[in-house]
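Right, one structure below, let's go through it.
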Amino acid sequence: MSRKIARENIYKLVFEYLFYDEINQTSLELMLLDSNLTEDDKQYIISDYEGVAAKKDELLQLIEKHSKGFSLDRIFRPDLSALLVATYELKYCKNIPAPVAISEAVDLVKMYSTKKSYSFVNGVLASIYKEIQGEE
């Protein structure tokens with residue numbers, strides 16, 4: 001259960017990052033205080049959060065390429081946050097199974113976004129995953 005909490009914390013940090021375009025060390029430190037998180041979960045949060053920030057432009061290009069009919073500025077920020085986290089995990093975290101990354105992103109969007117968002121996010125991530133698989 002703590003990995004699910006950790007991913008939700010990453011999602012929230014990335015959501016904030018989209019508005020300020022910089023890592024907020026204070027928010028990160030507060031997220032890491034959660035007693036439900038293991039040391040591995042804390043490292044996972046740091047690694048993914050910093051990874052998304054470092055690869056943001058590349059990830060956004062990939063998302064935009066697969067968001068047929070939607071420019072990045074038309075994608076709801078909650079959806080974009082989930083897409084960034086999952087796309088980073090699909091591309092750079094080989095220890096996280098693709099179905100898990102996609103499913104967790106869809107679950108986050110169901111919780112924090114609109115009723116229609118989950119199918120959009122699922123479709124974009126499925127398309128991104130197919131492209132990434134073709135690169136390997």
Side-chain angles (χ1 to χ4, degrees):
M1 183 60 147
S2 63
R3 184 52 63 109
K4 192 173 191 78
I5 293 168
R7 186 173 279 108
E8 185 175 353
N9 286 339
I10 296 165
Y11 170 81
K12 291 174 182 177
L13 290 165
V14 169
F15 181 78
E16 177 186 53
Y17 178 83
L18 286 173
F19 289 94
Y20 299 106
D21 203 28
E22 64 182 39
I23 288 178
N24 184 330
Q25 204 61 38
T26 303
S27 293
L28 176 59
E29 289 169 10
L30 288 172
M31 292 287 184
L32 298 177
L33 292 175
D34 187 336
S35 63
N36 293 314
L37 300 172
T38 66
E39 284 306 312
D40 283 345
D41 292 333
K42 292 176 183 180
Q43 288 307 309
Y44 164 63
I45 290 170
I46 294 166
S47 174
D48 269 28
Y49 180 42
E50 291 176 350
V52 168
K55 302 287 186 181
K56 181 187 97 171
D57 292 337
E58 176 189 340
L59 298 171
L60 288 173
Q61 286 177 355
L62 195 55
I63 292 165
E64 187 167 41
K65 177 181 176 183
H66 293 277
S67 300
K68 309 245 186 302
F70 285 89
S71 61
L72 290 175
D73 60 340
R74 286 194 59 217
I75 299 174
F76 292 133
R77 291 293 182 241
D79 301 353
L80 189 55
S81 299
L83 287 166
L84 280 166
V85 172
T87 301
Y88 177 79
E89 291 182 348
L90 290 171
K91 189 149 177 78
Y92 295 105
C93 301
K94 301 305 177 193
N95 61 328
I96 299 174
V100 171
I102 294 170
S103 174
E104 291 289 329
V106 168
D107 287 347
L108 286 166
V109 170
K110 283 180 179 178
M111 198 171 7
Y112 290 106
S113 195
T114 69
K115 290 181 180 185
K116 295 181 180 180
S117 291
Y118 77 91
S119 60
F120 171 75
V121 168
N122 189 51
V124 171
L125 291 174
S127 181
I128 289 171
Y129 178 60
K130 286 178 188 173
E131 179 178 322
I132 291 170
Q133 272 193 312
E135 293 174 357
E136 296 175 351

Among the clusters formed by ILVMFWY side chains lying less than 4.5 Å apart, do [X] and [Y] turn up in the same one?
X: V52; Y: I5; value: yes
X: Y88; Y: L18; value: yes
X: V14; Y: Y20; value: no
X: Y17; Y: L72; value: yes

May I ask you to check whether over 12 heavy atoms, not counting those of Y118, lie within 6.0 Å of atom OH? no
When you look at OH of Y92, are more than 12 heavy atoms from neighbouring residues, nucleotides or ligands closer to it than 6.0 Å? yes
What do the steps show when you test M31 against Y49 for side chain to side chain contact (heavy atoms under 4.5 Å, CB included), and what is the final call? CA-CA 11 Å; M31 292 287 184; Y49 180 42; over 6 Å; no
Find the distance between [atom1] ([X]) and [atom2] ([Y]) and round it off to the nearest 0.5 Å.
X: R3; Y: N36; atom1: CZ; atom2: CG; value: 14.0 Å
X: L84; Y: D79; atom1: CG; atom2: CG; value: 11.0 Å
X: L83; Y: E64; atom1: CG; atom2: CD; value: 12.0 Å
X: I128; Y: S67; atom1: CD1; atom2: OG; value: 6.5 Å
X: K130; Y: Q133; atom1: NZ; atom2: CD; value: 9.5 Å
X: S117; Y: M111; atom1: OG; atom2: CE; value: 13.5 Å

Answer whether the closest heavy-atom distance between the side chains of [X] and [Y] falls below 4.5 Å.
X: V85; Y: L108; result: no
X: T87; Y: H66; result: no
X: I96; Y: E104; result: no
X: Y11; Y: Y112; result: yes
X: N24; Y: L13; result: no
X: F120; Y: V109; result: no
X: R7; Y: V100; result: yes
X: L80; Y: L60; result: yes

Atom of [X], atom of [Y] and distance for their closest heavy-atom approach:
X: K4; Y: D107; value: NZ-OD2, 3.6 Å
X: A101; Y: E89; value: CB-OE1, 3.6 Å
X: K42; Y: D34; value: CE-O, 4.2 Å
X: A6; Y: I45; value: O-CG1, 3.6 Å
X: K91; Y: K94; value: O-NZ, 3.2 Å

Keeping the roles fixed (side chain from S81, backbone from R77), state whether a donor-acceptor pair exists under 3.5 Å. yes
Donor-acceptor pair, distance only, cut-off 3.5 Å: does the side chain of S119 make one with the backbone of K116? yes
Between T38 and D41, do the side chains contain an N or O donor and an N or O acceptor separated by less than 3.5 Å? yes
Under 3.5 Å, is there a donor-acceptor pair linking the side chains of S71 and D73? yes
K12/E8 salt bridge by N-O under 4.0 Å criterion: yes
Which of N9, N95, I10 passes side chain to side chain contact (heavy atoms under 4.5 Å, CB included) with Y44? It is I10
Side chain to side chain contact (heavy atoms under 4.5 Å, CB included), that's the test. Do L32 and I46 meet it? Break it down for me. CA-CA 9 Å; L32 298 177; I46 294 166; 3.8 Å; yes
